[in-house]
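A short write-up of the structure that comes next.
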Amino acid sequence: MSVHSAGPGGNTELREFLRSRRARITPEAAGLSPHGGARRVPGLRREEVAQLAGVSVDYYVRLERGRNLNVSETVLDAVARALRLDETERGHLFALARPVRARRRPLPPQRVRPGLHRVLETMTDTPALVLGRRLDVLAANRLAKALYTDFDALPHRERNMARFMFLDESARELYVDWEAAARTVVGSLHLYAGRHPDDPRLAELIGELSLGDEDFRHWWAEHDVDRRTHGVKRYHHPVVGDMTLSYEALTPTDDPEQMLGLHTAEPGTPSEHALRLLADWSAEPATADPRDRTTAQDISPVTGAR
């Protein structure tokens with residue numbers, strides 16, 4: 001099963017992506033004079049995109065339908081400018097417009113190098129994890145598991161950040177701005193779908209999330225793409241309360257489809273204090289009943305609680 005079809009109906013993902021991009025731009029914003037009368041479609045019409053890109057209407061229609069597999073880089077650049085795509089969206093357009101024609105061999109399993117595993121384990125004060133294809137959680141240190149969930153305790157197929165975000169109720173409580181974080185996850189999956197449209201595990205994941213969460217189903221249909229390499233996220237952890245953490249996403253040189261995610265707190269802030277409390281709490285040996293474990297409130301009062 002493919003995430004988007006390149007069969008008789010054309011490339012569905014390319015069609016819907018281009019439709020969604022032109023729907024968000026008004027003729028006025030594009031520098032065009034709006035035609036009189038009611039418009040049947042939001043945003044730009046196909047002929048208006050063709051005009052802005054300097055191509056024939058027929059050519060653009062075939063491109064949007066995913067039926068022009070020999071489109072040039074020059075034309076794609078012109079369409080990207082006409083639709084005002086950012087760099088991430090432009091890269092996604094190129095990936096969608098140039099699908100691999102021969103059926104790809106099954107993707108090899110991803111492995112985290114032992115050295116990188118050791119690096120994770122040495123980071124006792126920094127939540128760190130390695131994400132792979134489809135946002136699969138390939139490895140996580142103790143503090144990352146304390147921040148999110150114990151991925152190692154889950155079945156292999158469930159060790160996935162998108163499944164955690166949409167199918168684990170605790171995620172909605174953990175992220176102060178859950179919607180923004182969840183939309184970023186959807187955008188990342190769309191980027192991956194552009195590169196690996198025939199990945200059966202991706203199709204399975206999208207189907208499961210679509211059935212299990214209405215928000216995911218709605219946002220997936222919007223076809224937004226996102227690639228975050230750094231930023232700030234706010235958490236409300238059930239043990240240590242509020243934390244504002246910066247994150248960095250680094251790519252190992254031997255596997256560009258792995259990402260090392262690191263979370264840090266600004267020195268001297270309540271967030272740094274809360275992160276230290278979380279590290280102390282996660283270092284305690286587990287007991288038979290989690291309720292018997294010492295909470296952070298037993299160590300020190302939580303500051304900045306929401």
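Note that the structure is predicted; figures quoted are calculated from it, not measured. The chain is numbered in sequence order, starting from 1.
Linking Ile, Leu, Val, Met, Phe, Trp and Tyr residues whenever their side-chain heavy atoms come within less than 4.5 Å leaves L262 and V185 in two separate clusters. Hydrophobic clustering of Ile, Leu, Val, Met, Phe, Trp and Tyr side chains at less than 4.5 Å, counting indirect connections, keeps L116 apart from M259. Criterion: ILVMFWY side-chain heavy atoms under 4.5 Å apart, direct or through other members. Under it, M123 and M243 are not part of a common hydrophobic cluster. Put simply, V112 and M161 are part of two different groups of oily side chains (I, L, V, M, F, W, Y) that touch within less than 4.5 Å, one to the next. At a threshold of 4.5 Å between side-chain heavy atoms, the hydrophobic network of Ile, Leu, Val, Met, Phe, Trp and Tyr places L209 and L154 in one connected group.
In terms of modelled atom types and a separation under 3.5 Å, the side chain of H190 and the main chain of W220 share a donor-acceptor contact. One N or O on the side chain of E272 and one on the backbone of G268 form a donor-acceptor pair closer than 3.5 Å. Judged purely by atom type and a 3.5 angstrom limit, R46 has no side-chain atom pairing as donor or acceptor with the backbone of V61. R159 contributes a side-chain N or O that, together with a main-chain N or O of F151, makes up a donor-acceptor pair within less than 3.5 Å. No side-chain donor-acceptor contact under 3.5 Å links T269 to the backbone of A265. Looking at R142, its side chain never comes within 3.5 Å of a backbone N or O of E121 through a donor-acceptor pair. Between the side chain of T122 and the backbone N or O of V119 there is at least one donor-acceptor pair closer than 3.5 Å. Judged purely by atom type and a 3.5 angstrom limit, N141 uses its side chain to pair as donor or acceptor with the backbone of A128. With E16 contributing its side chain and E13 its backbone, the two residues share no donor-acceptor pair below 3.5 Å.
Salt bridge annotation for R113-D254: present, with a cationic side-chain nitrogen under 4.0 angstrom from a carboxylate oxygen. At a threshold of 4.0 Å, the pair R21-D86 does not count as salt-bridged, since none of the basic side-chain nitrogens sits closer than that to a carboxylate oxygen. At a threshold of 4.0 Å, the pair R15-E64 does not count as salt-bridged, since none of the basic side-chain nitrogens sits closer than that to a carboxylate oxygen. Taking 4.0 Å as the cut-off between side-chain N and carboxylate O, R228 and D226 count as a salt-bridged pair. Salt-bridge annotation for R62 and D58: present, with a side-chain N of the basic residue lying under 4.0 Å from a carboxylate O of the acidic one. Under a 4.0 Å N-O distance rule, the pair E204/R157 qualifies as a salt bridge. Using a cutoff of 4.0 Å between basic side-chain nitrogens and carboxylate oxygens, K233 and D177 are not scored as salt-bridged. Salt bridge status for D199 with R134: present, with a side-chain N to carboxylate O gap under 4.0 Å.
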Q. How far apart are the C-alpha atoms of E48 and R22, what are their side-chain angles, what is the distance that settles it, and do they pass the side chain to side chain contact (heavy atoms under 4.5 Å, CB included) test?
A. CA-CA 9 Å; E48 291 168 334; R22 63 182 172 88; over 6 Å; no

message = Working note: E208 + F216, criterion side chain to side chain contact (heavy atoms under 4.5 Å, CB included); need CA distance, chi angles, decisive distance, verdict.
response = CA-CA 10 Å; E208 182 179 352; F216 179 87; over 6 Å; no

> After noting the C-alpha distance and the side-chain angles of R195 and L191, does the key distance pass the side chain to side chain contact (heavy atoms under 4.5 Å, CB included) rule?
Replying inline: CA-CA 7 Å; R195 299 191 304 270; L191 275 184; 4.1 Å; yes

Worksheet entry | Verdict with reasoning, H196 to E257, per side chain to side chain contact (heavy atoms under 4.5 Å, CB included) | CA-CA 11 Å; H196 298 289; E257 292 191 330; 2.4 Å; yes

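The line from OH of Y192 to NE2 of H92 is 13.5 Å long, rounded to the nearest 0.5 Å. With rounding to the nearest 0.5 angstrom, the CG atom of L138 is 5.5 Å from the CD atom of Q258. Atom CG of L44 is separated from atom CG of L52 by 6.5 Å, given to the nearest 0.5 angstrom. To the nearest 0.5 Å, atoms CD (E266) and OG (S246) are separated by 7.5 Å. To the nearest 0.5 angstrom, L147 atom CG is 9.0 Å from L129 atom CG. Here CG of L120 is found 6.0 Å from CG of L260. Values are rounded to the nearest 0.5 Å.
Atom CZ of R276 has 12 or fewer heavy atoms from other residues, nucleotides or ligands within 6.0 Å.
Remark: of the listed residues L245, L174, T244, T244 is the sole one forming a side-chain contact (heavy atoms from CB on, under 4.5 Å) with R234. Under the salt bridge (Lys or Arg N to Asp or Glu O under 4.0 Å) test applied with E89, the options R81, R24, R227 reduce to a single match, R24.
The side-chain heavy atoms of W219 and D224, taken from C-beta on, include no pair separated by under 4.5 Å. Looking at heavy atoms from C-beta onward, P127 lies in side-chain contact with L275 at the 4.5 angstrom threshold. E179 is not listed as a side-chain neighbour of D215, based on a closest heavy-atom distance of 4.5 Å or more. Between L96 and F17, some side-chain heavy-atom pair lies under the 4.5 Å cut-off. Here the side chains of V137 and N160 are not in contact, with every heavy-atom distance at 4.5 Å or above. Between S170 and Y148 there is no side-chain heavy-atom pair separated by less than 4.5 Å. Proximity of L63 to V79: side-chain heavy atoms (C-beta onward) are separated by under 4.5 Å at one or more points. Considering only heavy atoms from C-beta on, V71 comes within 4.5 Å of Y59 through its side chain.
Looking at every heavy atom in both residues, P27 comes nearest to G43 through CD-O, 4.2 Å. Counting all heavy atoms, side chain and backbone alike, D125 lies closest to L143 at C-CD2, 3.4 Å. For the residue pair A274 and D242, the shortest heavy atom distance occurs at CB-O, 4.0 Å. L18 approaches Y60 most closely through the heavy-atom pair CB-OH, 3.8 Å. Contact record, P108 with R133: O-NH1, 2.7 Å, taken as the closest heavy-atom pair. Smallest separation of non-hydrogen atoms from V57 and A50: CA-CB, 3.8 Å.
Between W281 and H237, the ring planes lie perpendicular to each other; the angle is over 60°, past the 30° to 60° tilted range.
Proximity of the aromatic rings of H230 and Y247 is defined here by a centroid distance below 6.0 angstrom, and this criterion is not met. Checked against a 6.0 Å centroid threshold, the rings of W178 and F166 count as neighbours.
Residues Q110 and D136 have side chains that never bring a donor and an acceptor to within less than 3.5 angstrom of each other. H263 and E248 share no donor-acceptor pair across their side chains, judged by distance under 3.5 Å alone.
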